[in-house]
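Quantities reported herein were computed from a predicted structural model and do not represent experimental measurements. Proteins come first, then strands; the chains are lettered A, B, ... in the order of their sequence lines, and each starts at number 1.
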Number of protein chains: 2
Amino acid sequence: MDRRPVTLEEVARIAGVSRATVSRVVNGVATVDRELRQVVEKAISTTGYTPNRAARSLVTRRAGAIGLVLPEEGRTVHDPYFGRVVSGVLPVIRPLGVQLVLTTGDHREVVDDIRQRRLDGVILIHTHGADPLPRQLIEANLPVVLAARPVRPMSITYVDVDQAAGAALAADHLISSGCRHLATITGPLETPAGQDRLRGFLEATARHGLPEPVVVEGDFSREGGAKAAQELLADAAVDGLFVASDLMATGALPVLRQGGRRVPEALKVVGFDDSSPAVECDPPLTTVRQPVEDMAAEMARLLVERVERPDRPVSSVVFAPTLVIRQSS
Amino acid sequence: MDRRPVTLEEVARIAGVSRATVSRVVNGVATVDRELRQVVEKAISTTGYTPNRAARSLVTRRAGAIGLVLPEEGRTVHDPYFGRVVSGVLPVIRPLGVQLVLTTGDHREVVDDIRQRRLDGVILIHTHGADPLPRQLIEANLPVVLAARPVRPMSITYVDVDQAAGAALAADHLISSGCRHLATITGPLETPAGQDRLRGFLEATARHGLPEPVVVEGDFSREGGAKAAQELLADAAVDGLFVASDLMATGALPVLRQGGRRVPEALKVVGFDDSSPAVECDPPLTTVRQPVEDMAAEMARLLVERVERPDRPVSSVVFAPTLVIRQSS
DNA sequence: CTGAAAGCGCTTACAG
DNA sequence: CTGAAAGCGCTTACAG
């Protein structure tokens, strides 16, 4: 640590070439003479040379780092979703020598980080409708990709799961399991996910010719799920329930049980997310799984692409969800 | 983004001073004349100047970033513990202008990141006994802090919770709740946490004059908890159980229930960690809580300190755990 | 207290 | 294909 690292200069001297040539070898420029290249490569390995990133960044104007922006409350960090995003992103950027920096959603900080060239672009997860950050970033023409369809349409790159298709998966499953009186606890209906999941569920039940399901609005929280379940208890006929998030389902399940509904015998329940609560709750939850790691990897790819070619048109990708069947249905 | 950011040079020209003076103002050097300082500050705010970090890093030889090293399997990332660490670290380093970089535990990458001066130091969480990384880092004299006492004693900075005291908290609580026949499902006994929690538990029960508890070794996994609980079923007298991790407890609880043990009526259970499974399982778990956020903040502080003063002796900090009482006891 | 100047370690036109 | 040279945007002794 105290010993100064080897520089390009020294490698060049040892190899008997110019710094430019060493630089070309390090950066894989094809036009270097084979023999020279080998001499340089040997010098690099004997010295253990590794390029100083700050020096490179200074001239290339690239930080070699992207940011993962967390919502300011910091609540999300506790969410297993967050970890899945990280494990999806890391394998795609590491081979590119790009770092992943965690940062809070403070607007100034994010914009500053990019302006200081400490970050080449950012991935935004869990943005709310009121969040001005996405718009600010695209207006500043800074590379950004969202982890979900934006609340209001805008020209921004995003990756999402087909929410409606996921809800339809849940409906189809409940119906094919014999349920005839469906109900759903929705997400907040001002969010795209809340809307799309409800729509997908309603369309699928209609497609099967079943009567209109009972709809109770939730808020994606455990408490919200419990409250909604309480309401649902009033309707004794319900035999199939789609809860638009696993977290709400963990709130709903104990209420349903205390209300005398046996799951899955008398009432089948399907969640959404396949988050860790789905595995831990009792009974373990049948749920709609988003391919979060794959989605995150795609976000990373799109962002890197955008950093390299800021002029390219924005493009978005939608993934197909799958159903994970456990004991609640 | 296309428009080039403002540089020191331009601010200096506008303020009518040298670059050196602007640099001094930006870095808060006290010796700058009041009036000059104000002129410079005005120039900074009108231009919206913000320093280029790569340029600064190049001369200061500081990356202005620390790494949070994840175990290679990537499993840990799904763990809520990880998120708590992040939310503890971020608030202490952001005001210092230091970035938090996520990286996998690949040895070469970590060492390279530090040698390339992309990282000033690292926080290691979830290291195993066989992991050579901690030793490699201290031998290379690179700033590092561990999230727990190292398996083998070495001269390294770490932060830990008083594991034995936490286990004693559990024992005291079970005993004061009327339990007389105690048992414990331990962690893997080759880990410091496994050892210390067992020792603390045994010492506390002995202190109360109770007979030696039943001890079944676990492995900190859900499945391990289930398996150990199965063994425990053989002993009908047990009325108080300390499970050395919440995750194991979530595996144990269903087994105990199916074995006819009612929790908490016939058998009181206490976990360790206060992780999210503790809240989600049925019944919600009384558990020993580690002040993870505080511990993480301290890790960040110690690391930053170490980066600034590599010559200082290593120092470690041990935090006191607390008991969170829920329905399982 | 302030400025001129050197230098941090790279990359990249530009000649040749 | 290769090298000499300029330059990226800062900080920091060193004079004054």
S.K.: Heavy atoms only: give me the nearest Ala54(A)-Leu58(B) pair and the separation to one decimal.
M.R.: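 Heavy atoms only, the tightest pair is CB-N, 3.8 Å.
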S.K.: Between Thr21(B) and Ala54(A), which residue's closest nucleotide on DNA chain C lies nearer the 5′ terminus?
M.R.: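 Closer to the 5' end of DNA chain C: Thr21(B).
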S.K.: What base-paired stems does DNA chain C take part in, with at least 3 consecutive Watson-Crick or G-U wobble pairs and both distances under 3.5 Å?
M.R.: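 As far as DNA chain C goes, consecutive pairing (with distances under 3.5 Å) yields the stems C:1-3 with D:14-16, C:5-12 with D:5-12, C:14-16 with D:1-3.
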S.K.: For Glu109(A) and Thr104(A), does a side-chain donor sit closer than 3.5 Å to a side-chain acceptor?
M.R.: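 Judged by distance alone, the side chains do pair up.
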S.K.: With no hydrogens and no angle check, just 3.5 Å: does a side-chain donor-acceptor pair link Ser87(A) and Glu293(A)?
M.R.: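 Not at all, the side chains of Ser87(A) and Glu293(A) share no donor-acceptor pair under 3.5 Å.
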S.K.: Taking all atoms of both residues into account, what is the closest heavy-atom pair of Pro134(B) and Leu124(B), and its distance?
M.R.: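 Shortest heavy-atom contact: CG-CD2, 3.9 Å.
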S.K.: What verdict does the side chain to side chain contact (heavy atoms under 4.5 Å, CB included) test give for Glu41(A) and Val22(A), after you've listed the backbone C-alpha separation in whole Å, the side-chain angles of each residue and the deciding distance to 0.1 Å?
M.R.: CA-CA 8 Å; Glu41(A) 276 166 355; Val22(A) 179; over 6 Å; no
S.K.: What does nucleotides 10-16 of chain D look like as a protein-contact string, B for base, S for sugar-phosphate only, - for none, at under 4.0 angstrom between heavy atoms?
M.R.: BBBB---
S.K.: Between residues 35-47 of chain A and DNA chain C, which residues have a heavy-atom gap below 4.0 Å?
M.R.: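 The stretch gives none, as no residue of it lies under 4.0 Å from the strand.
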S.K.: If only side-chain N and O atoms of Arg34(B) are considered, is one of them under 4.0 Å from the OP1 or OP2 phosphate oxygen of dC1(C)?
M.R.: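 Indeed not, no polar side-chain atom of Arg34(B) lies that close.
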S.K.: Could you tell me the separation between the CZ atom of Arg13(A) and the C1' atom of dG3(D), rounded to a whole number of Å?
M.R.: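 Those two atoms, CZ and C1', are 17 Å apart.
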S.K.: Does Asp112(A) come within less than 4.0 Å of Arg53(B), counting only side-chain N to carboxylate O?
M.R.: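 No.
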S.K.: Between Arg62(B) (side chain) and Val307(B) (backbone), is there a donor-acceptor pair under 3.5 Å?
M.R.: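 Yes, because the side chain of Arg62(B) sits within donor-acceptor range (under 3.5 Å) of the backbone of Val307(B).
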S.K.: Is the closest side-chain heavy-atom distance between Leu100(B) and Arg94(B) below 4.5 Å?
M.R.: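 They are not in side-chain contact.
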S.K.: Any idea which heavy atoms bring Val161(B) and Val318(B) closest together, and the distance?
M.R.: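 Here Val161(B) and Val318(B) meet closest at C-CG1, 3.9 Å.
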S.K.: Please report the shortest heavy-atom distance between Pro95(B) and Val92(B), naming the atom on each side.
M.R.: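 That closest heavy-atom pairing would be CD-O, 3.6 Å.
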